S.K.: 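Structure provided below as structure tokens; questions to follow.
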Amino acid sequence: MGSLSTILRHPDELYPLLKLKLAITKAQKQIPLEPHLAFCYSMLHKVSKSFSLVIQQLGTELRNAVCVFYLILRALDTVEDDTSIPMETKVPILIAFHRHLYDGGWHFSCGTKDYKVLMDQFHHVSAAFLELEKGYQEAIEDITKRMGAGMAKFICKEVETIDDYDEYCHYAAGLVGLGLSKIFIASELEILTPDWKQISNSTGLFLQKTNIIKDYLEDINEIPKSRMFWPREIWGKYVDKLEDLKNEEKSTQAVQCLNEMVTNALTHVEDCLKSLASLRDPAIFQSCAIPQIVAIGTLTLCYNNVQVFRGAVRLRRGLIAKVIDLTKTMDDVYGAFYDFSCMLQTKVDKNDPNAMKTLNRLETIKKVCKENGVIHKRKSYVNDETQSKAIFVVMFVLLLAIVVVYISRSKPT
């Protein structure tokens with residue numbers, strides 16, 4: 001649930017952590033009895049506990065469609081990510097993947113751990129897909145076909161320019177945003193807005209760029225061969241080779257490159273906020289809002305942080321639990337983006353070559369949040385030190401009182 005030292009430093013996160021633990025336990029008990037769906041929900045929980053949790057509030061039919069959609073794209077991504085698969089084998093699989101959804105006997109052994117199980121037993125996912133309503137099937141097939149073709153294109157192509165970077169992220173995640181929008185429309189719970197394609201794409205790009213940034217070290221050390229998507233147009237300003245960013249003697253250049261990557265990701269925030277504001281169904285809204293808030297929090301943690309090139313950089317589990325607990329309305333979203341933007345702003349080094357661009361981005365985000373949301377009449381996502389100290393004191397006094405009572409009762413009469 002979280003280390004004791006972390007909980008003591010952030011006692012305000014204890015209650016959300018307990019609620020999250022109970023919610024996860026409840027979600028595990030709600031796995032359907034039907035074998036194909038049972039496999040899908042069990043596998044979803046293994047490959048993404050957080051996503052498994054945030055879709056639990058969706059209605060059964062929509063939840064099943066989103067669960068199957070997610071696993072199909074995870075399977076497609078597993079093929080793309082496995083660098084041990086020869087190109088001449090991988091590319092045809094990616095291009096034809098959408099057709100395998102209708103083949104109950106198809107599977108392809110690749111990936112590791114839970115992802116290998118997903119690929120080896122993909123027939124369960126295919127069977128669950130075939131049980132979905134036609135509208136859901138058509139949306140999922142279309143996105144899978146387009147994503148597979150896009151991934152195949154970038155198997156044979158390096159990410160050189162920022163346009164290449166945006167195009168890759170569109171195929172890898174922008175299409176996920178478009179696909180979810182199509183599924184929500186098919187459920188008749190949401191309606192299209194005139195700019196739905198652009199803003200849905202941006203929600204995916206924002207999440208994908210966050211993952212590409214935070215996973216630098218894991219991806220560069222991939223065996224047998226690394227696959228990287230940082231655009232040369234950015235990293236080429238700072239080092240000769242992308243792997244040089246992890247060298248300690250290049251720490252200054254690495255952090256400056258990182259900061260430019262974060263600033264680039266922030267360009268999608270306004271569209272993300274617009275997309276979330278257009279959602280009408282509370283359960284759909286929450287399932288979409290939580291990953292976006294976690295992303296802005298992760299970018300805040302990564303910014304100006306050389307640890308990105310040394311080890312894992314992740315949001316505290318307690319902070320994620322707090323986000324899940326507090327995110328109910330669009331005002332909560334505006335408040336979260338405002339809080340994290342303020343925090344990121346304090347980390348900007350005025351000597352950074354992109355400092356002015358970063359600060360301008362953050363001011364724009366804060367302005368949008370202030371103009372559209374009631375951001376001061378809510379609990380902050382960012383830790384309030386004074387409040388945390390007060391909570392810590394209360395917890396310490398209660399603990400001390402329990403110890404005193406226990407000792408007094410243990411004394412022999």
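Just so we're clear, the structure is a prediction, and the values are computed from it rather than from any experiment.
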S.K.: So which atom in Asp114 and which in Lys46 form the shortest heavy-atom distance, rounded to 0.1 Å?
M.R.: OD2-CB, 3.6 Å
S.K.: Atom CG of Leu276 and atom CD of Gln292: how far apart are they, to the nearest 0.5 Å?
M.R.: 5.5 Å
S.K.: In terms of the angle between their ring planes, are Tyr216 and Phe309 parallel, tilted or perpendicular, with boundaries placed at 30° and 60°?
M.R.: perpendicular
S.K.: CE of Met343 to CG of Leu301: how many Å apart, nearest 0.5 Å?
M.R.: 9.0 Å
S.K.: Is Lys250 salt-bridged to Asp244, cutoff N-O under 4.0 Å?
M.R.: no
S.K.: Can you confirm whether more than 12 heavy atoms, excluding those of Lys357, are under 6.0 Å from its NZ atom?
M.R.: no
S.K.: Do other residues, nucleotides or ligands put more than 12 heavy atoms under 6.0 Å from Lys197 NZ?
M.R.: no
S.K.: Would you find a donor on one side and an acceptor on the other, under 3.5 Å apart, between the side chain of Thr25 and the backbone of Lys21?
M.R.: yes
S.K.: To the nearest 0.5 Å, what is the distance between CD1 (Ile55) and SG (Cys288)?
M.R.: 11.0 Å
S.K.: Ion pair present between Asp120 and Lys116, side-chain N to carboxylate O less than 4.0 angstrom?
M.R.: yes
S.K.: If you look at every heavy atom in Ile213 and Ala265, which pair is closest and at what distance?
M.R.: CD1-CB, 4.4 Å
S.K.: Do you know which two heavy atoms are closest between Lys241 and Val239, and how far apart they sit?
M.R.: O-CG2, 3.2 Å
S.K.: Is it true that, when you exclude Tyr15 itself, more than 12 heavy atoms of the residues, nucleotides or ligands shown sit nearer than 6.0 Å to its OH?
M.R.: no
S.K.: Classify the angle between the aromatic ring planes of His124 and His36 as parallel (below 30°), tilted (30 to 60°) or perpendicular (above 60°).
M.R.: tilted
S.K.: Does Glu270 come within less than 4.0 Å of Arg361, counting only side-chain N to carboxylate O?
M.R.: yes
S.K.: Just do the side chain to side chain contact (heavy atoms under 4.5 Å, CB included) check on Leu189 and Arg280 with the steps written out, would you?
M.R.: CA-CA 7 Å; Leu189 293 171; Arg280 305 184 304 172; 5.9 Å; no
S.K.: Would you name the heavy atoms of Val333 and Leu273 that are closest together and state the gap between them?
M.R.: CG1-CD2, 3.7 Å
S.K.: Any sub-3.5 Å donor-acceptor pair from Asn259's side-chain atoms to Asn304's backbone N or O?
M.R.: yes
S.K.: Give a yes or no on whether a salt bridge exists between Arg227 and Asp82, defined as a side-chain N under 4.0 angstrom from a carboxylate O.
M.R.: no
S.K.: Would a distance-only check, ignoring hydrogens and angles, find a side-chain to backbone donor-acceptor pair under 3.5 Å from Lys347 to Asn305?
M.R.: no
S.K.: Give a yes or no answer on whether the side chain of Asp332 reaches the backbone of Thr329 with a donor-acceptor pair at less than 3.5 Å.
M.R.: yes
S.K.: With under 30° as parallel and over 60° as perpendicular, where do the rings of His100 and Phe97 fit, or are they tilted in between?
M.R.: perpendicular
S.K.: For the NE2 atom of His45 and the CD1 atom of Ile31, what is their distance to the nearest 0.5 Å?
M.R.: 7.5 Å
S.K.: NZ of Lys237: more than 12 outside heavy atoms within 6.0 angstrom?
M.R.: yes
S.K.: What distance do Ser341 atom OG and Leu299 atom CG have between them, rounded to the nearest 0.5 Å?
M.R.: 10.0 Å
S.K.: Do other residues, nucleotides or ligands put more than 12 heavy atoms under 6.0 Å from the CG atom of Asn221?
M.R.: yes
S.K.: Counting distance only, does the side-chain N/O of Lys90 pair as donor-acceptor with the main-chain N or O of Glu80 below 3.5 Å?
M.R.: yes
S.K.: For Arg74, does its backbone N or O pair with a side-chain atom of Thr78 as donor and acceptor, under 3.5 Å?
M.R.: yes
S.K.: How far apart are the C-alpha atoms of Asp219 and Lys214, what are their side-chain angles, what is the distance that settles it, and do they pass the salt bridge (charged side-chain N to carboxylate O under 4.0 Å, His left out) test?
M.R.: CA-CA 10 Å; Asp219 290 342; Lys214 74 177 177 63; over 6 Å; no
S.K.: Got more than 12 heavy atoms from elsewhere within 6.0 Å of CD, Glu188?
M.R.: no
S.K.: Evaluate whether atom CD of Glu248 has more than 12 neighbouring non-hydrogen atoms of other residues, nucleotides or ligands under 6.0 angstrom away.
M.R.: no
S.K.: Test side chain to side chain contact (heavy atoms under 4.5 Å, CB included) on Tyr136 and Val68 and set out the steps.
M.R.: CA-CA 10 Å; Tyr136 295 135; Val68 171; over 6 Å; no
S.K.: Taking the ring centre of each residue, are Tyr303 and Phe340 less than 6.0 Å apart?
M.R.: no
S.K.: Using distance alone, with no hydrogens and no angle criterion, decide if Arg310 and Ser251 have a side-chain donor and acceptor under 3.5 Å apart.
M.R.: yes
S.K.: With a 4.0 Å cut-off on N to O distance, would you call Arg316 and Glu13 a salt bridge?
M.R.: yes
S.K.: Is there a donor-acceptor contact under 3.5 Å from the side chain of Tyr41 to the main chain of Asn64?
M.R.: yes
S.K.: For residues Glu233 and Tyr165, is any side-chain donor paired with an opposing acceptor at under 3.5 Å?
M.R.: no
S.K.: Please confirm whether the backbone N or O of Leu132 pairs with a side-chain atom of Gln137, one donor and one acceptor, at under 3.5 Å?
M.R.: yes
S.K.: How far does OG of Ser202 sit from CG of Leu207, to the nearest 0.5 angstrom?
M.R.: 11.0 Å
S.K.: Are the side chain of Ser187 and the backbone N or O of Phe184 linked by a donor-acceptor pair below 3.5 Å?
M.R.: yes
S.K.: Looking at every heavy atom in both Ile95 and Ala152, which two are closest together, and how far apart are they?
M.R.: CG1-CB, 3.8 Å
S.K.: Applying side chain to side chain contact (heavy atoms under 4.5 Å, CB included) to Gln56 and Arg63, what does each step give before you reach the verdict?
M.R.: CA-CA 7 Å; Gln56 286 304 314; Arg63 183 171 67 245; 4.2 Å; yes
S.K.: For Lys153, is there an ion pair with Asp164 - N to carboxylate O distance below 4.0 angstrom?
M.R.: no
S.K.: Which heavy atom in Asn201 sits nearest to a heavy atom in Gly174, and how many Å separate them?
M.R.: OD1-CA, 3.2 Å
S.K.: Is the shortest distance from a Lys or Arg side-chain nitrogen in Asp142 or Lys145 to a carboxylate oxygen in the other one below 4.0 Å?
M.R.: no
S.K.: Within the distance-only criterion (no hydrogens, no angle test), does the side chain of Thr300 pair as donor or acceptor with the backbone N or O of Ile296 below 3.5 angstrom?
M.R.: yes
S.K.: Looking at Glu160, I'd like to know if its CD atom is crowded, meaning that more than 12 non-hydrogen atoms belonging to other residues, nucleotides or ligands lie closer than 6.0 Å.
M.R.: yes
S.K.: Take Thr203 and Phe206, measure what side chain to side chain contact (heavy atoms under 4.5 Å, CB included) needs, and give me the verdict at the end.
M.R.: CA-CA 5 Å; Thr203 61; Phe206 186 59; 5.9 Å; no
